[in-house]
Amino acid sequence: GTVLANEEVTGDGRSERGNFPVYRRPLKQWMLRITAYADRLLDDLGSLDWTDSIKLMQRNWIGRSTGASVRFPVEGSEDLEIEVFTTRPDTLFGATYMVLAPEHPLIDVITPNQWPNDELSNDFASNELDVWKGVFGATDPPPDAVTRYRDFAAAKTDLERQTETKEKTGVFIGAYAINPTNNARIPIFVADYVLMGYGTGAIMAVPAHDERDFAFAREFELPIVPVIRPSDEWLAEHGVAADDATGWVAAYVGDGVAQSSVNDEVALDGLPVDEAKGVVTEWLERSGFGKPTVTYKLRDWLFSRQRYWGEPFPIVYDDEGPIALPDSMLPVVLPDVTDFEPVTSDDPDALPEPPLARAVDWVEVELDLAGPEWAGYGEGPRTYLRETNTMPQWAGSCWYYLRYLDPTNEDAMVDHEVEQSWAQGVRGDGTPKVGLVDLYVGGVEHAVLHLLYARFWHKVLFDLGHVSEIEPFQRLVNQGYILAAAFLDERGAYVDADQVADHNGRYSFEGRAVTREFGKMGKSLRNAIAPDDIYRDYGADTLRLYEMFMGPLDKERPWSMADIVGVHRFLQRLWRNFVDENTGATRVTDAPADDATRRLLNRTIDSVRNDMAGLSFNTAIARLFELNNHLTALVQDGGELPREVAVPMTLMVAPLAPHIAEELWSRLGHDDTLTYESFPEPDAQWLVEDRVEVPVQINSKVRARVEVAIGADAAAHEAAARAEPRIAELLAAATVRQVKVVPGKIVNFVLA
RNA sequence: GCCCGAGUGGUGGAAUGGCAGACACGGCGGACUCAAAAUCCGCUGCUCGCAAGGGCAUGAGGGUUCGAAUCCCUCCUCGGGCACCA
């Protein structure tokens, strides 16, 4: 029952939240002009420490293309022109027809009432008017043909448009344009392969060098004029001529040099594509037919929703139109209502209806808007109507991270000095950071939603002087999706995964066989797993620890409960190493630890610090397992746990399993929380070893291991290796051609 | 179709040019117990061998290197994103 932004619609034409079907309707809605920030959103990605893949997703979504806009005069009109955008101005001489999107406003203006009867004078000669009219203009005059085609195109869903991309449909509108390069008359079509939402909603069609135009031209028997000479390999492979497209079965979209592209004022022949683009664009500007242009895929952001739970717009209406409320009347607060439901309907033509419209007492409001900034509007109390749409959920997530810095400030979003103190800092390479938040961890599903919106708002706030950096998030780490098994019935519909029975690799739902696949957890695949049962059975520490132990943070992985007992056992064992379960007494001693324990403890601290810094929680936990296993052996048969080990162990466990760590901290005799304690640091003297075991290879196969002193040179390594009985035996019967030594790592004898 | 990412034991994973399989699950064996559970200890990639020891092995195939899970090329499979963007 609500409107959504493009970004919230999935590839299947469904809502990102809830998986509901989505329909297109013309509506008057609030938009935010994010397109005004397209260049900065693109350019500033370079100074962020984000993964290449998510930067690429944003770049693709913004979709910046450079090219030229070209104006084609409409034949028989003094001032009407069709403006197109092209990334290939070098192919302008090869434009043999034009296409307008079905929604293009110029169609109504230039469609004549009669089909032309002078088609035989067409420069391209092969005019096939009946073919151009197709099924839509078979018998009726152009306006009826165009209307019928527009109805046909409008009836298609987005999904149908996607799945039928190969089939080109359209109809000649009965009018011609003039190709400004050669004054050729070129027919104008309406076709839904041109989208109103991109560029100007109109294209020049160059079928020789564009796949879609080629397919359309073949369908409608339109001329195909090659103006870029294809590579010799391509010509040979297809067995066709460079200057005659008669036998071509595909457009040539590769590099080459221009041909057949000369008029009295400009000559492109012989120029490579890149140079030809520059030369022809310069001519376009000189002759007034066009200019260099940049276009974006990014659309303005549809910011209205027909929901109760959203921030109300600070907007009221009078007969004249919308009025922004002054600061003194903010914030506008949602009214108390009893019915929060949107009005939903299975009728695709139903218009969305905001729930707030039903709160009549709130909608109708008496205000006095008199004041200098409202001159011409309110003089004295008058009745206004409130805006009943609300903002989308993204409105809050666009700035919440700023509020964390100063959550109790009643006067401002965030105090300027407070914000600046957090904004200082440097990146890993020593350069100043440009993003406020040092590390932001979130799901990749927000790549072109929250992470784009928040960047946009932050830049607006920067421009208004409210924040001191141009980006919100300096370093971004995406945790991988948790995948879960999803199950499809025989019709290809998803069934509730938690109702599926497993019969040794075969699966059934309500007695019927289903097939298994893996996908991201969520409503659409009906495979979400609620954490509540896991809390109940194992506790929050176990769940938290397990999620971090499952694998690398940034990798997607399947959810499986099979291994959770492992981390649960670790926590129980940890507890028993601190507390005697028979007596309840803490078994901690102030006596010193033995050397082996000290070595292991300090190696563990060192490893865990490194792993934590690299967000490698799974390996940090593995190191703690090892230390804990050692402690288990230590306290066996009534042994005691040295305090010098118990304290750092507790502090290392704390970020991973905070509840048990606080409890152990208390058992160690502390009254306060461990939250403000420093993370343990290793004692360097216990990290150094004096000897190291080095594998000895013969022809790259490990045959023995020898111990050498730390810091020993290559000769010492080789001598030690040769002295090893098994190596000596193997070398005795052979000739050594080469010896490779990497001190401390490897000795490799290469035999002749 | 195009663009990213990932393929390692029965399972999740470790190792980012130098001993493949850390740690954990599961499995097998043992201790404890009247018994079971829990707990503790040991073994556990495949394969040939009584053993000593050998061979094979990181999706498939090729390449670089003394040496490749790791770097390069081709292909396959899975996951994600985009998709008539002129």
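Throughout, protein chains are lettered first and strands after them, A, B, ... in sequence-line order, and every chain is numbered starting at 1.
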Subject >> Sequence-aligned protein contact record of nucleotides 11-22 of chain B, with B where the base is within under 4.0 Å of a protein heavy atom and S where only the sugar-phosphate is >> reply: -BSS---BB--B
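- A/R722 is linked by a side chain to side chain contact (heavy atoms under 4.5 Å, CB included) to A/E718, A/L731, A/V736, A/V739, A/F749, counting only residues two or more places apart in sequence or in another chain.
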Subject >> Stepwise salt bridge (charged side-chain N to carboxylate O under 4.0 Å, His left out) check, A/R703 with A/E729 >> reply: CA-CA 11 Å; A/R703 296 301 181 199; A/E729 180 191 332; over 6 Å; no
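- For the side chain to side chain contact (heavy atoms under 4.5 Å, CB included) test, residues two or more places apart in sequence or in another chain that qualify with A/Q697 are A/S700, A/V702, A/I746, A/N748.
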Strictly under 3.5 Å: I want the nitrogen or oxygen pairs between protein and nucleotides 42-46 of chain B, one per line.
none

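- Look at the C1' atom in both B/U64 and B/C46: the space between them is 29 Å, to the nearest Å.
- Looking at heavy-atom distances under 4.0 Å, A/S65 makes contact with sugar-phosphate atoms alone, never a base.
- A cation-pi arrangement is absent between A/K168 and A/F216, since the terminal nitrogen or guanidinium carbon is not both under 6.0 Å from the aromatic centre and inside a 45° cone about the axis.
- Within the nucleic acid shown, A/R726 comes within 4.0 Å of sugar-phosphate atoms alone, with no base atom in reach, counting heavy atoms only.
- At a threshold of 4.0 angstrom between heavy atoms, the contacts of A/F85 include nucleobase atoms, whether or not backbone atoms are also involved.
- Residue A/K55 is classed as having no contact, given no heavy-atom separation below 4.0 Å to the nucleic acid.
- For the pair A/N629 and B/A24, the criterion of a side-chain N or O lying under 4.0 Å from OP1 or OP2 is met.
- Taking A/T87 as the reference, nothing meets the side-chain hydrogen bond (donor to acceptor under 3.5 Å, both in side chains) condition, with sequence neighbours excluded.
- Residue-level contact check: A/V565 touches the backbone only, with heavy atoms under 4.0 Å from sugar-phosphate atoms and none from bases.
- Contact between the side-chain N/O atoms of A/R576 and the OP1/OP2 oxygens of B/A38 is not found at any separation under 4.0 Å.
- Remark: A/R703 is in phosphate contact with B/G54, judged by side-chain N or O atoms under 4.0 Å from OP1 or OP2.
- Residues from residues 200-208 of chain A that place a heavy atom under 4.0 Å from any atom of RNA chain B, listed by number: A/I203.
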